[in-house]
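All values reported here derive from a predicted model rather than from experimental measurement.
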Amino acid sequence: MHSALLLLFGVASNVEIASREDCEVMLAAAGWSEIGWGRVPPRRLFYPELDIAPGKIYTYRCNWAALGVAAPRIGGENSRTGFYFSRPTYAVDRLSATIETTTFVAPHFLKSDRCEVKKSGERWRLVRCRAIFIT
């Protein structure tokens, strides 16, 4: 909805929408395993929008059905559990990428991992995730 309002009022240049490949990288990194995302939505709420620069938003508006997963439930400002992903960073050859995934349970638990994925044929596969921090 937020992105739709931005488009309506003519500030679409402030919104960067994830590509299908970005969505595939995100799901390969943690969507299938740790978060438990598959044919049913994850237990935790998803936060699809990130502030990536002053006045600039990056959003995961993925076609979930085409990616073979259930649409996630979206978190709000009063949600106590959730997860979100950074924008993927691709290698020059675009055959590997890194992405950060963060899960939280308010008010005290926050865990962030940096995951590496590699393209194998047409699919992205998880190589490894390493903890950045846990509170």
Side-chain angles (χ1 to χ4, degrees):
M1 172 95 159
H2 186 259
S3 298
L5 289 174
L6 290 173
L7 291 169
L8 179 65
F9 291 103
V11 289
S13 64
N14 292 342
V15 178
E16 181 181 342
I17 298 173
S19 68
R20 178 182 170 102
E21 189 169 44
D22 292 349
C23 295
E24 291 170 349
V25 165
M26 178 204 42
L27 288 170
W32 301 109
S33 55
E34 186 169 326
I35 293 172
W37 198 343
R39 301 220 183 277
V40 297
R43 289 185 329 272
R44 292 189 174 111
L45 302 173
F46 179 49
Y47 288 79
E49 295 182 350
L50 302 170
D51 293 324
I52 57 173
K56 181 121 174 132
I57 294 171
Y58 177 82
T59 184
Y60 283 100
R61 298 284 184 216
C62 305
N63 182 339
W64 307 113
L67 294 167
V69 298
R73 295 174 301 131
I74 304 300
E77 64 184 62
N78 295 320
S79 301
R80 298 194 46 81
T81 66
F83 66 97
Y84 58 91
F85 294 88
S86 68
R87 176 174 50 184
T89 302
Y90 294 92
V92 173
D93 62 8
R94 296 197 64 91
L95 295 177
S96 62
T98 58
I99 189 170
E100 292 180 14
T101 176
T102 302
T103 56
F104 68 89
V105 179
H108 301 295
F109 179 77
L110 186 66
K111 177 185 178 212
S112 189
D113 293 310
R114 181 170 294 119
C115 299
E116 298 173 40
V117 297
K118 193 171 204 95
K119 195 159 193 177
S120 176
E122 294 298 312
R123 295 185 52 101
W124 288 92
R125 307 265 183 218
L126 178 64
V127 175
R128 75 179 141 270
C129 291
R130 296 196 173 148
I132 300 171
F133 64 83
I134 299 175
T135 61

So, taking the atom named [atom1] in [X] and the one named [atom2] in [Y], what distance separates them when rounded to the nearest 0.5 Å?
X: L50; Y: I57; atom1: CG; atom2: CD1; answer: 9.5 Å
X: R128; Y: C115; atom1: CZ; atom2: SG; answer: 10.5 Å
X: R114; Y: T89; atom1: CZ; atom2: OG1; answer: 9.0 Å
X: L45; Y: N78; atom1: CG; atom2: CG; answer: 11.5 Å
X: E122; Y: E24; atom1: CD; atom2: CD; answer: 8.5 Å

Decide yes or no on side-chain contact (heavy atoms from CB on, under 4.5 Å) for E16 and T59, but give the supporting numbers first. CA-CA 6 Å; E16 181 181 342; T59 184; over 6 Å; no
Under the salt bridge (charged side-chain N to carboxylate O under 4.0 Å, His left out) test, which residues partner R125, sequence neighbours left out?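 By the salt bridge (charged side-chain N to carboxylate O under 4.0 Å, His left out) rule, R125 matches no residue at all.
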What disulfide bond (SG atoms under 2.5 Å apart) pairs are there with at least one residue in residues 46-77, not counting sequence neighbours?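 Residue pairs passing disulfide bond (SG atoms under 2.5 Å apart), neighbours aside: C23-C62.
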Is there a path of hydrophobic side-chain contacts, each under 4.5 Å between heavy atoms of I, L, V, M, F, W or Y residues, that connects [X] with [Y]?
X: M26; Y: I74; result: yes
X: I99; Y: L95; result: no
X: L126; Y: I132; result: yes

Short side-chain to backbone donor-acceptor contact, S120 and R123, under 3.5 Å: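 Between the backbone of R123 and the side chain of S120 there is no qualifying donor-acceptor contact (under 3.5 Å).
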A131 backbone acceptor or donor facing S112 side chain under 3.5 Å: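 Judged by distance alone, no pair lies under 3.5 Å.
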Derivation and outcome, side-chain hydrogen bond (donor to acceptor under 3.5 Å, both in side chains), residues Y58 and D51: CA-CA 6 Å; Y58 177 82; D51 293 324; over 6 Å; no
Derivation and outcome, salt bridge (charged side-chain N to carboxylate O under 4.0 Å, His left out), residues E21 and R94: CA-CA 10 Å; E21 189 169 44; R94 296 197 64 91; 2.9 Å; yes
How far apart are the closest heavy atoms of [X] and [Y], and which atoms are they?
X: P107; Y: R80; result: CD-NH2, 3.5 Å
X: Y60; Y: S86; result: OH-O, 2.6 Å
X: P41; Y: A70; result: N-CB, 3.5 Å

Flag the pair D113 and K111 as a salt bridge only when some basic side-chain nitrogen lies within less than 4.0 angstrom of an acidic carboxylate oxygen.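 K111 and D113: salt-bridged.
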Checking side-chain contact (heavy atoms from CB on, under 4.5 Å) for the pair T102/L110: CA distance, chi angles, key distance, verdict? CA-CA 7 Å; T102 302; L110 186 66; 3.5 Å; yes
What's the verdict on side-chain contact (heavy atoms from CB on, under 4.5 Å) for I52 and R87, showing C-alpha distance, side-chain angles and the deciding distance? CA-CA 9 Å; I52 57 173; R87 176 174 50 184; 3.5 Å; yes
Identify whether NZ of Lys or CZ of Arg in R44 sits under 6.0 Å from the centre of the six-membered ring of F83 and within 45° of that ring's axis.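 No, R44 and F83 do not form such a contact.
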Evaluate the side-chain contact (heavy atoms from CB on, under 4.5 Å) criterion for residues F85 and D22: first the C-alpha distance (whole Å), next the side-chain angles of each, then the deciding distance (0.1 Å), finally the verdict. CA-CA 10 Å; F85 294 88; D22 292 349; over 6 Å; no
Counting the benzene-type ring for Trp, do F104 and Y47 have ring centres under 6.0 Å apart?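 For F104 and Y47, the ring centres are under 6.0 Å apart.
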Holding to ring-ring contact (aromatic ring centres under 6.0 Å, His included), I want the full list of residues that pass it with Y84, two or more places apart in sequence or in another chain.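 Residues passing ring-ring contact (aromatic ring centres under 6.0 Å, His included) with Y84: none at all.
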